[in-house]
Amino acid sequence: MSEITQIIGERIRMYRTRKNLSQDALGEMAGLHGAYIGQLERGEKNATLESIEKVAKALDLPFEVLFENIVGGGMQNEIPKRCYDLLTPLSVKEQRAILDLIEKAMAYKNA
């Protein structure tokens, strides 16, 4: 499957596990089969927009969150994508702490 299918699948898995839901539980909440959720997460199925909307609603996410920072099937630069992927699963408090470290490093570099 395409890179975008993989990215969306990884994000669905991340948000599902963050909410401590099984694939079956998410599937039930979304009106989809749990096995289908697994196929989406592994990038094996190319989901319809309707299915993605159902999953987003079940996860209590705005639809567009699953598509953030995706350009042309992938991100233009792999480094920001990797940073995004590392930071997204963290709590807001942890994200702020890391941002503070980055800002301090940048200030030190520019001094």
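We count residues from 1, following the sequence as given.
- Scanning for salt bridge (Lys or Arg N to Asp or Glu O under 4.0 Å) contacts around Glu50 gives Lys54, with sequence neighbours left out.
- Annotation for Tyr108: hydrophobic cluster partners, listed by chain and number, are none (ILVMFWY side-chain heavy atoms under 4.5 Å, direct or chained).
- Not counting sequence neighbours, the partners of Ala35 by the side chain to side chain contact (heavy atoms under 4.5 Å, CB included) test are His33.
- Sorted by first and then second residue, the pairs that involve residues 41-64 and meet ring-ring contact (aromatic ring centres under 6.0 Å, His included), not counting sequence neighbours, are Phe63-Phe67.
- Residues passing the salt bridge (Lys or Arg N to Asp or Glu O under 4.0 Å) test with Asp85 are Lys81, sequence neighbours excluded.
- Residues Ile12 and Leu26 have side chains in contact (heavy-atom distance under 4.5 Å, counting atoms from C-beta outward).
- In terms of the side chain to side chain contact (heavy atoms under 4.5 Å, CB included) criterion, residue partners of Ile98 (sequence neighbours excluded) are, by chain and number, Leu87, Leu90, Ile102.
- Residue pairs meeting the salt bridge (Lys or Arg N to Asp or Glu O under 4.0 Å) criterion with at least one partner in residues 25-42, sequence neighbours excluded, are Arg13-Glu41, Arg16-Glu41, Arg42-Glu44.
- The two residues Tyr15 and Leu66 have their closest heavy-atom pair at CD1-CD2, 4.1 Å.
- Note on Leu49 and Ile4: same hydrophobic cluster, where clusters join Ile, Leu, Val, Met, Phe, Trp and Tyr whose side-chain heavy atoms are under 4.5 Å apart, directly or indirectly.
- Rounding to the nearest 0.5 Å places CG of Asn46 at 4.0 Å from OG1 of Thr5.
- Residue pairs satisfying the salt bridge (Lys or Arg N to Asp or Glu O under 4.0 Å) criterion with at least one member in residues 98-111, sequence neighbours excluded, are listed as follows: Asp100-Lys104.
- Taking Arg96 as the reference, nothing meets the salt bridge (Lys or Arg N to Asp or Glu O under 4.0 Å) condition, with sequence neighbours excluded.
- There is no path of hydrophobic side-chain contacts, each under 4.5 Å, that joins Leu86 to Leu99.
- With sequence neighbours excluded, the residues that form a salt bridge (Lys or Arg N to Asp or Glu O under 4.0 Å) with Lys57 are Glu53.
- Looking at every heavy atom in both residues, Arg11 comes nearest to Glu68 through NH1-O, 2.6 Å.
- A pairwise comparison of heavy atoms in Gly43 and Gln6 identifies CA-OE1, 3.2 Å as the closest pair.
- Ala47 meets the side chain to side chain contact (heavy atoms under 4.5 Å, CB included) test with Tyr36, Leu40, Ser51, Ile52; sequence neighbours excluded.
- With values rounded to the nearest 0.5 angstrom, Met106 atom CE is found 13.5 Å from Leu101 atom CG.
- For Ser22, the side chain to side chain contact (heavy atoms under 4.5 Å, CB included) partners at least two apart in sequence or on another chain are Asp24, Ala25.
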